[in-house]
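This report refers to the structure that appears directly beneath it.
Every heavy atom of this structure was used, including side-chain atoms; hydrogens, water molecules and symmetry mates were not. A, B, ... follow the sequence lines: proteins, then strands. Residue 1 opens every chain.
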There are 2 protein chains.
Amino acid sequence: MSRVHLTQSAAPAAGRSSPPALALDTIVRGDCVAAMDRLPEKSVDMIFADPPYNLQLDGTLHRPDQSRVDACDDHWDQFASFEAYDAFTRAWLLAARRVLKPTGTIWVIGSYHNIFRVGASLQDLGYWILNDVIWRKTNPMPNFRGRRFQNAHETLIWASRDQKAKSYTFNYESLKAANDDVQMRSDWLFPICNGGERLKDGAGEKVHPTQKPEALLARVLMAASRPGDVVLDPFFGTGTTGAVAKRLGRHFIGIEREQAYIDAAEARIAAVEPLDGASLTLVTGKRALPRVAFVSLIEAGLLAPGMTLTDSRRRWTATVQADGSLMTDGEQGSIHKMGARVQGLDACNGWTFWHFEEAGTLKPIDALRQKVRDGMAAAG
Amino acid sequence: MSRVHLTQSAAPAAGRSSPPALALDTIVRGDCVAAMDRLPEKSVDMIFADPPYNLQLDGTLHRPDQSRVDACDDHWDQFASFEAYDAFTRAWLLAARRVLKPTGTIWVIGSYHNIFRVGASLQDLGYWILNDVIWRKTNPMPNFRGRRFQNAHETLIWASRDQKAKSYTFNYESLKAANDDVQMRSDWLFPICNGGERLKDGAGEKVHPTQKPEALLARVLMAASRPGDVVLDPFFGTGTTGAVAKRLGRHFIGIEREQAYIDAAEARIAAVEPLDGASLTLVTGKRALPRVAFVSLIEAGLLAPGMTLTDSRRRWTATVQADGSLMTDGEQGSIHKMGARVQGLDACNGWTFWHFEEAGTLKPIDALRQKVRDGMAAAG
DNA sequence: ATTCATAATGAATCCAATA
DNA sequence: ATATTGGATTCATTATGAA
């Protein structure tokens, strides 16, 4: 077992329990199923997996200029049959599911050679697919023979542990803010990994045939993990997941069989400078704010029993009751229930629906909720 | 059995044998497996299939404005389990493979709910996947609860009958000429089917919950079939495949269970005006002839096949071809190649050279490219 | 006729905390 | 475990109606 020492704190994020005796920020050498079986169950927050694609190449491909295409023909990408690939896939997906926390999610990347088998196995094992995400390549390799479309994308599947797992980590507001304030789509555009980022050996040969771009991993980690989280990569390769995790203040556990890849990954990760923690804070929306009981507005003296609230266009009115309910048309209930009732809807956000009058103008009671929250913050 | 009469010739393309006793340009009512089993083996040139997605929706979804999302909850999309869906999938894929010519290919469209199972079944049955193709939607439905990425694409799988089938139909040169002389990628951008193209009933309700855009089918048919070919659609719905096939001079065989869909499809297809045969010729050059794809102007309805383009001083003219090429003086090629040819030059920017007439004035097609670019920018 | 404002809607596996 | 309840959440396009 190798260990990469981080300069950043290894303390877990506030409010998230960390498993005991989990060797963080290390690369485990060996078979990923055996290695995962040695980890505690429900111990990792996210899994990113870039398994063998089972490319089934035969023969050598040449470019139109007769140069040879350096194919991915490594022994670890060879399987005897679809059945053998399926058995391999089920085995590692099952082991991964055991170590994944209930709030955790898994990402698997693949191409049309293997991704359909991976997706079906995910579903068969009880994972619940949240999205498939398309990595559109700005600079894919052409189809040299002109017999197919240029294969210009790869597919990622994002899945939770099971259908019931509703509270998985997803930094929706961060992604939206990063995307010109529109929600992030399922198609992402990135260049392939080349240039200075691509690891080369002494002879100038690429160290790994399928090194993924750090930008892709960065979006994955920013979307589905938080600072301090533990990210597992069972097919670590040359450590893109680890490098990005370290940079983004996440912990990683890598599993890899080939010592040459481990060596390259360790050197690579050691050179990564973690971002300052202040750069890593996430945008949080209203969802993350503490709840405020409507009655606390009355208790704080911001509203008084007997006061009349209306909607923004004064079509409906309701009376504030001392117990924190509203009364309208002889019916009594929460601000939400009564807002829905007068409109004939199933649901309503009473905080933004109901207004009070101040200095001749109508203001939503949501403005008063903010005052209460400010007071809560001041009180610690 | 219903029959739609075409005005175009039903003669097969020269050099391609046509099966005997194959009722062309008709919609067969009934189960697709039984109907395909009644067709002669190796009788169709291409299959396009839009099977049920098995969405597994649960409960009702509301938009933030409390309006209800009109979900696809039709009985035909309900399956008891993944096993039941797999059995259904294998059955129709097997029947489809029997009727497909050795030179034929199959296209299947789906989403992450079903496409992985479809893809695995395709491979298990011996089909050979050529590409997966991503339909990126310019205007997908948002994720209203902010719990996932906006599901902004669907996936098509393109496969040949088996690995040995090397001489499948693929109009590589046409696609390339139509795509600004770079080979067509595996990610395609189209709007969803809405507006005037979307079939509505007397009450203004959509006739079919999942009608596909004609532009998508047009690219599929232009890529993998030739004029006179027979295109089978075992899940015909409201007949997008048939409408596009008729317009592009292909024959179709539709299979559909619901009479209401058949009625809508027949009326729709009857109203389709086939393109002139001269507009449908394909580029066949072996070498590369001379970036918004010119074909996307056609797919977007900004230009129509058969339209005449001229240079700014009306010295030369050319005709827009359905495959996205131009024809002039009996020669056919990209907008750049044809611009260069008429001027006797080595190279030419077809975007600024070729003009179309609008309200009596000539405008460069580059103005239309900007419109398409605006749509691309909107999609990220 | 044109512009602007408002409403409607599309293959969607769409919540979290408390009782 | 289930039931209840608070209250957070949408993008691009088309259709409709007002000015």
Side-chain angles (χ1 to χ4, degrees), chain A residues 103 123 127-132 159-160 163-168 170 172-173 176 179-186 284-294 324 333-337 339-340 346-354 366 369, chain B residues 50-74 76-79 82 109-115 135 137-155 191-198 200 204-206 208-213 237 374-375 377-380:
Chain A
T103 55
Q123 292 177 315
Y127 286 100
W128 192 244
I129 297 179
L130 299 169
N131 281 110
D132 58 342
S160 63
Q163 184 176 4
K164 307 184 311 296
K166 299 287 189 184
S167 58
Y168 54 84
F170 181 52
Y172 174 79
E173 287 84 5
K176 184 175 175 180
N179 193 39
D180 209 18
D181 284 325
V182 292
Q183 59 183 208
M184 189 68 76
R185 293 167 49 109
S186 57
T284 57
K286 287 196 208 171
R287 267 188 285 237
L289 294 174
R291 283 196 178 176
V292 173
F294 178 65
S334 71
I335 55 173
H336 313 294
K337 280 276 192 288
D346 291 332
C348 166
N349 184 339
W351 289 109
T352 53
F353 178 74
W354 293 111
D366 206 28
R369 179 167 63 159
Chain B
D50 183 10
Y53 285 12
N54 187 26
L55 286 187
Q56 306 179 57
L57 302 177
D58 175 54
T60 56
L61 179 65
H62 292 86
R63 298 186 180 81
D65 65 4
Q66 302 299 328
S67 65
R68 198 175 64 82
V69 175
D70 184 20
C72 176
D73 53 0
D74 300 75
W76 48 255
D77 199 47
Q78 311 294 326
F79 292 84
F82 283 132
I109 186 169
S111 66
Y112 65 85
H113 311 84
N114 72 322
I115 198 64
W135 169 27
K137 303 181 182 182
T138 58
N139 49 349
M141 189 184 297
N143 183 285
F144 295 115
R145 302 298 291 269
R147 294 296 299 152
R148 305 183 176 195
F149 298 96
Q150 183 181 29
N151 190 12
H153 72 276
E154 295 191 25
T155 300
I192 62 175
C193 180
N194 248 329
E197 185 183 324
R198 189 76 191 233
K200 303 283 176 64
E205 298 288 314
K206 56 192 179 194
H208 194 284
T210 69
Q211 186 182 338
K212 295 295 179 291
D374 292 344

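- Between the CG atom of Asn349(A) and the CD1 atom of Ile335(A) there is a distance of 7.0 Å, given to the nearest 0.5 Å.
- Partners of Arg198(B) by side-chain hydrogen bond (donor to acceptor under 3.5 Å, both in side chains), not counting sequence neighbours: none found.
- Looking at which nucleotide of DNA chain D each of Gln183(A) and Ser334(A) is closest to, the 5′-most match is held by Ser334(A).
- To the nearest whole angstrom, the two P atoms, one in dA12(C) and one in dG7(D), are 29 Å apart.
- For Pro142(B), taking side-chain heavy atoms from C-beta onward, the closest of the listed nucleotides dT10(D), dC14(C), dG6(D) is dT10(D).
- Residue Gln123(A) is in base contact, counting any heavy-atom pair closer than 4.0 Å across all strands shown.
- A straight line from CG of Leu61(B) to C1' of dC14(C) spans 6 Å, rounded to a whole angstrom.
- Take the nearest nucleotide of DNA chain D for Asn139(B) and for Gln66(B): the residue whose nucleotide is more 5' is Gln66(B).
- Across all strands shown, Thr352(A) has no heavy atoms under 4.0 Å from either base or sugar-phosphate atoms.
- Using a 4.0 Å heavy-atom cutoff across all strands shown, Pro290(A) reaches no nucleic acid atom at all.
- Among the heavy atoms of the strands lying under 4.0 Å from Asp50(B) is at least one base atom, whether or not backbone atoms are also near.
- When the side-chain nitrogen and oxygen atoms of Tyr168(A) are compared with OP1 and OP2 of dA16(C), none of them lie within a distance under 4.0 Å.
- Across all strands, Pro140(B) comes closer than 4.0 Å to base atoms (heavy-atom distances).
- In terms of polar N and O atoms assigned as donor or acceptor, the side chain of Lys212(B) comes within less than 3.5 Å of the base of dA11(C) in a complementary pairing.
- As judged by a 4.0 angstrom heavy-atom cut-off over every strand, Leu130(A) is placed among residues making no nucleic acid contact.
- For the pair Gly146(B) and Pro52(B), both in contact range of DNA chain C, the more 5′-proximal nearest nucleotide belongs to Pro52(B).
- Residue His336(A) has a polar side-chain atom (N or O) positioned under 4.0 Å from OP1 or OP2 of dG7(D).
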What verdict does the side chain to side chain contact (heavy atoms under 4.5 Å, CB included) test give for Phe294(A) and Arg369(A), after you've listed the backbone C-alpha separation in whole Å, the side-chain angles of each residue and the deciding distance to 0.1 Å?
CA-CA 8 Å; Phe294(A) 178 65; Arg369(A) 179 167 63 159; over 6 Å; no
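- Mapped onto DNA chain C by nearest heavy atom, Arg198(B) and Ser167(A) fall at different nucleotides, with Arg198(B) at the one closer to the 5' end.
- The side chain of Lys166(A) lies closest to dC14(C) when the candidates are dG10(C), dA12(C), dC14(C).
- Among dA12(C), dA11(C), dA16(C), the nucleotide with an atom closest to any side-chain atom of Thr210(B) is dA11(C).
- The pair Arg68(B)-Asp346(A) does not meet the salt-bridge criterion, since no charged nitrogen lies less than 4.0 angstrom from a carboxylate oxygen.
- Looking at heavy-atom distances under 4.0 Å, Asp70(B) makes contact with sugar-phosphate atoms alone, never a base.
- Atom CZ of Arg185(A) sits about 12.0 Å away from atom CG of Asn131(A), to the nearest 0.5 Å.
- Residue Met141(B) contributes atom CE, which lies 13 Å from atom P of dC14(C) at whole-angstrom precision.
- As rounded to whole Å, 11 Å separates atom P of dA12(C) from atom CG of Asp77(B).
- The separation between Met184(A) atom CE and dT9(D) atom P is 17 Å, rounded to whole Å.
- Arg147(B) comes within 4.0 angstrom of sugar-phosphate atoms only, judged by non-hydrogen atoms across all strands, and of no base.
- Picking from dC14(C), dA8(D), dG6(D) the nucleotide with the shortest atom distance to the side chain of Ala347(A) gives dA8(D).
- Not less than 6.0 angstrom separates the ring centroid of His113(B) from the ring centroid of Trp128(A).
- With rounding to the nearest 0.5 Å, the separation of CZ in Phe149(B) from CG in Asn143(B) is 10.0 Å.
- Side-chain atoms of His336(A) and Ser334(A) form no donor-acceptor pair, as typed in the model, at a separation below 3.5 Å.
- Counting non-hydrogen atoms under 4.0 angstrom, Val182(A) reaches the backbone sugars and phosphates but no base.
- For dT10(D), the OP1/OP2 oxygens have a side-chain nitrogen or oxygen of Lys176(A) closer than 4.0 Å.
- Taking atom P on both nucleotides, dC14(C) is separated from dT18(C) by 23 Å, rounded to a whole Å.
- Backbone-only contact: Asn151(B) has heavy atoms under 4.0 Å from sugar-phosphate atoms and none from a base.
- Rounded to a whole Å, the NE2 atom of His153(B) is 21 Å from the P atom of dG10(C).
- Checking dC14(C), dA12(C), dT9(D) against every side-chain atom of His113(B), the shortest atom distance belongs to dA12(C).
- Defined by atom type and a distance below 3.5 Å, a donor-acceptor pair is missing between the side-chain atoms of Tyr127(A) and Gln163(A).
- A straight line from CD of Gln211(B) to C1' of dT14(D) spans 15 Å, rounded to a whole angstrom.
- Looking at heavy-atom distances under 4.0 Å, Gly59(B) makes contact with a base.
- Regarding Asp366(A), its CG atom lies at a distance of 11 Å from the C1' atom of dA8(D), rounded to whole Å.
- Distance from the side chain of Asn194(B) is smallest for dT14(D) among the nucleotides dC14(C), dA11(C), dT14(D).
- One finds no side-chain N or O of Lys137(B) lying less than 4.0 angstrom from the OP1 or OP2 phosphate oxygen of dA12(D).
- Every residue two or more places apart in sequence or in another chain that forms a side-chain hydrogen bond (donor to acceptor under 3.5 Å, both in side chains) with Asn114(B) is listed here: Tyr85(B).
- Residue Cys193(B) is out of contact with every strand shown, counting any heavy-atom pair closer than 4.0 Å.
- Distance noted for atom P between dT10(D) and dA16(C): 15 Å (whole Å).
- A donor-acceptor contact under 3.5 angstrom links the side-chain atoms of Arg63(B) to the base of dG10(C).
- Salt-bridge check for Lys212(B) with Asp50(B): passed, with a basic side-chain N closer than 4.0 Å to an acidic carboxylate O.
- In this structure, CG of Asp346(A) is placed 18 Å from P of dA8(D), rounded to the nearest angstrom.
- If you check every strand for non-hydrogen atoms under 4.0 Å, Arg369(A) touches sugar and phosphate atoms only.
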For DNA chain C, what string of dots and brackets results from 5' to 3' when Watson-Crick and G-U pairs need both distances under 3.5 Å, crossing pairs get [ ], and pairs with another strand get |?
.|||||||||....|||||
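- The side chain of Val69(B) lies closest to dA12(C) when the candidates are dA12(C), dA11(C), dT13(D).
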